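Worksheet: the structure to be examined is printed underneath.
Naming convention: chains lettered A, B, ... in sequence-line order (proteins, then strands); numbering from 1 in each chain. These numbers were taken from a predicted model, which means no experiment stands behind them.
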Number of protein chains: 2
Amino acid sequence: METITPNWLQKRADLSPERTALIFNDQSWTFEEIFKIAKKTAGKIVGLLPRNSSRVAILMNNTPEAVWVIYGLQQLGIETVFLNSKLTASELAFQLIDSETELIIYDRLLKNRANELSEALTDIPIISVTDLAERPTFEIAIREEYRLDDVCSIMYTSGTTGKPKGVLQTFGNHWWSATGSVLNIGLQENDSWLCAVPIFHISGLSILIRSIIYGIPVILVEKFDGKLVNSLLSSGEVTIMSAVTAMINRMLSEQENPSYHPAFRCLLAGGGPVPKPLLEVCKERNIPVFQTYGMTETSSQIATLSPEDSLRKLGSAGKPLFPSQLKIMVEQEEAKPMQEGEIFVKGPNITKGYLNRDEVNAASFKDGWFSTGDLGFKDEEGFVYILDRRSDLIISGGENIYPAEIEEILLSHDEVTDAGVTGIPDKKWGHVPYGFVVAGKPINEEEIFAFCRERLASYKVPKRIIQVDQLPRNGANKLMRRLLSQLIENEK
Amino acid sequence: METITPNWLQKRADLSPERTALIFNDQSWTFEEIFKIAKKTAGKIVGLLPRNSSRVAILMNNTPEAVWVIYGLQQLGIETVFLNSKLTASELAFQLIDSETELIIYDRLLKNRANELSEALTDIPIISVTDLAERPTFEIAIREEYRLDDVCSIMYTSGTTGKPKGVLQTFGNHWWSATGSVLNIGLQENDSWLCAVPIFHISGLSILIRSIIYGIPVILVEKFDGKLVNSLLSSGEVTIMSAVTAMINRMLSEQENPSYHPAFRCLLAGGGPVPKPLLEVCKERNIPVFQTYGMTETSSQIATLSPEDSLRKLGSAGKPLFPSQLKIMVEQEEAKPMQEGEIFVKGPNITKGYLNRDEVNAASFKDGWFSTGDLGFKDEEGFVYILDRRSDLIISGGENIYPAEIEEILLSHDEVTDAGVTGIPDKKWGHVPYGFVVAGKPINEEEIFAFCRERLASYKVPKRIIQVDQLPRNGANKLMRRLLSQLIENEK
């Protein structure tokens, strides 16, 4: 039976009109206020769209204006393509064309990128939020209900091979993700969620959605800043925060008080296991770290480890949340405890598939189980350990980097005949990409950097380019990226 | 898309094996323990059932054994028919035949009723929980997953006319009901829910289900007892309780301490509005009363009023919970604020229909909206007020009584030529039924009582039988039950 709920923001504004919905610097808005702004924003967007438009992209950082646009599009039932503001114009162009986006809305800080896009894609209208605000407001009929099977958001992820894929996140996916989280960490009257991760990633967007469903404020931060976050966590204003290891590192190194405010009850840590020394510092300082595992396709966390288990189950991502399942498969069979294999997940929080990718979808789903491509195992008690993110995924400061994408760029350079990329541990970012190249003559590292910078978001540009005689390949000539790091030692 | 989740009890036992699941008198069980007992119980039940059985009825009061059987049947994916232990054998027989029940499980306190049933229904096997415990335990494959469209429970309700109808409550209905509640009242680590209402009613069953979904203990009480409940609420052991007005009355009149433990944070009050004097006493004593509106068809509460609004919005049932909608209809149009009309509800917590009642179902659902038959209005702020329960429903001490059912019995008496029943306010029970009869010669009240007692659950037997010359009927000859109470004054 199709599940239908009321329009979430309208419902929340009806149930809790005077509760705080959003805090940004020293401004704040109630749910009643943001619902009004969202409707007004929707009324402005409508004037720019062809009839029956179904998709709009946003190129925005963490600002209240981005929130108005996101909520406004939801009022219209329009699918929102979330663009990563760190990507280059050519990376973005691919996503915009692939998603058949009919309008791009950007914020003033991304003006240069928007200009490049508007030159490259002359037939997609593009407007800044500032200009949008000046537009006339049309009377509109907002969606009174959300059908949970409808797509709410699209976010692109890359993979081992091929182009990035648009992950379809339905209203139902977001709902069940929010429900799984609340059943894990509870819901208190004083709760508020600090959002210092990008809202164009699922980690950030899911905070906005939980805020509406739970009726709690989001404290939105434009750009992560250790000192600012520390002062928020010490103020008692924040009870929950989502972060990646690199952020926690910076927070702790800049922390002045010995501990945060006792109201701060949950630090959700994603993007790979938190290293033991860091966990021990957190324990000392009474910081309640919940380690999580999740991805764009699971609409944020799917497994979480409670603080009381964090040292006993070091490196584990805990157990799958209440609505979800996770299993380890080895050659079509479920693995035994401690046996390594591929991670499969199932649950109503999991994407219904990638946009326009029938073949990939057919290969990714088996009997309702989604093949993550990640490797891991469960221990005897069922706690999940992630060994390797899929396709040697590199997570750098919370951003996902796919080696294949960088290798493709390196190989497109005239002098490079073979290329491999892997993640190398880094104190600040967790991991950073290193490029290994084979070339007929000595290469100029600086020249390759420049070549990459033109074509790749800066966080994807290899931190080093190392020339080698040959790359490690297996019998089937498949690149063994995990062996690449050993080449650093051989380097002279 | 069909929604599938893991088996809830199995999942909860995996996530929170050592948390307390159930407390009864001075015994308690963890989730791991009750999952084991449920599986064992399922393994015993299986031996008594024909292959592919789909329905088992339970005739049990609030005991741990009833919980094992309910959870055990869920492990098998068998639909559970919840029998009201206060009904007579003939009332129960109708439900058992209508639901095509294949096995009845009863508890020792209901032995007499069970014996009557087994005589009347020789082809439905019947077993006591005590005998069930002695049965061999078969190895079974439990349900690894719940499909949310599957029926979990069936509870019978009566209506204006005709026989009682079996309300189909799916796993999804229960899930969304539990979710709507948690988004309203939150979820704290120390939460526990006192169940002093019958688990064969949705008010009680929904507490068991929330316990599993939330991972919190149920404190189960065999029979409501004001003193016992008061001591539990004063101990700090209970944070949430479901009650009806009659219970609250008794609790307050027997309360020794000036207030309950501060951990007690929510008294959900169902079964009609709580009278103002009672609310004022609750306020004085810091008892946080949440007035609710709900019914078997909505799988427990669908609207709730927060304590901070309870006196400002006296008599209101608040607003519909997050996943649900409620509207007032007058002649096919949505009513204006303050305008009275029929209450319609919509949401994933609402039954998919009545068992074997295609015609009633077709009449009850319009575009996904369920017609409750109840009358009410919304005020300017959208708060809902219930004026009259459907079909002159009488709520007496939390039990629903349908006048039509009693009138049918009265009319079957040889000397009665016309009959009408209505609810008369009563200090202890809220309302009690009074019978008004027309007869050719003076009737003997005692004899009519005895006649009713044989055919009706005792709470349905009219407290008084009043003989009148004629009943108030409108032009269409429809009985106007609301005018019946005026006949008391005319009585000599």
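Surrounding CD of B:E189 are at most 12 heavy atoms belonging to other residues, nucleotides or ligands under 6.0 Å away. Atom CD of A:E333 sits in a sparse spot, with 12 or fewer heavy atoms from other residues, nucleotides or ligands closer than 6.0 Å. Atom CD of B:Q339 is surrounded by more than 12 heavy atoms from other residues, nucleotides or ligands within 6.0 Å. A 6.0 Å sphere centred on CD of B:E18 holds no more than 12 heavy atoms belonging to other residues, nucleotides or ligands.
Taking every heavy atom of both residues into account, B:L183 and A:R12 meet most closely at O-NH2, 4.3 Å. The shortest non-hydrogen separation linking A:W175 to B:T179 is CZ2-CG2, 3.6 Å. Of all heavy-atom pairs spanning A:P6 and B:S324, the tightest one is CG-O, 3.6 Å. The heavy-atom pair separating B:L148 from A:W176 by the smallest distance is CD1-CH2, 3.5 Å.
Of all the listed residues (A:L15, A:D191, A:I185), the one sharing the greatest number of non-hydrogen pairs under 4.5 Å with chain B is A:L15. Between chain B and the residues A:K319, A:E381, A:K352, the largest count of heavy-atom pairs under 4.5 Å involves A:K319. With chain B as partner, the option from A:T5, A:T170, A:I213 having the largest number of non-hydrogen pairs under 4.5 angstrom is A:I213. Ranked by heavy-atom pairs under 4.5 Å with chain B, the list A:W8, A:Y146, A:Y214 is led by A:W8.
Proximity to chain B involves both the backbone and the side chain of A:D14, based on heavy atoms less than 4.5 angstrom apart. Of the atoms belonging to A:E145, it is side-chain heavy atoms, and not backbone ones, that fall under 4.5 Å from chain B. If you measure heavy-atom distances from A:S306 to chain B, you find no contacts under 4.5 Å at all. Of the atoms belonging to A:P320, heavy atoms from both backbone and side chain fall under 4.5 Å from chain B. Contact annotation for B:S16: neither backbone nor side-chain heavy atoms come within less than 4.5 Å of a heavy atom of chain A.
You'll find the side chain of B:Q325 stays beyond 4.5 Å of the side chain of A:E144, heavy atoms only. The shortest distance between side-chain heavy atoms of A:P323 and B:K11 does not fall below 4.5 Å. Side-chain contact between B:V182 and A:L187 is absent, with no heavy atoms from C-beta onward closer than 4.5 Å.
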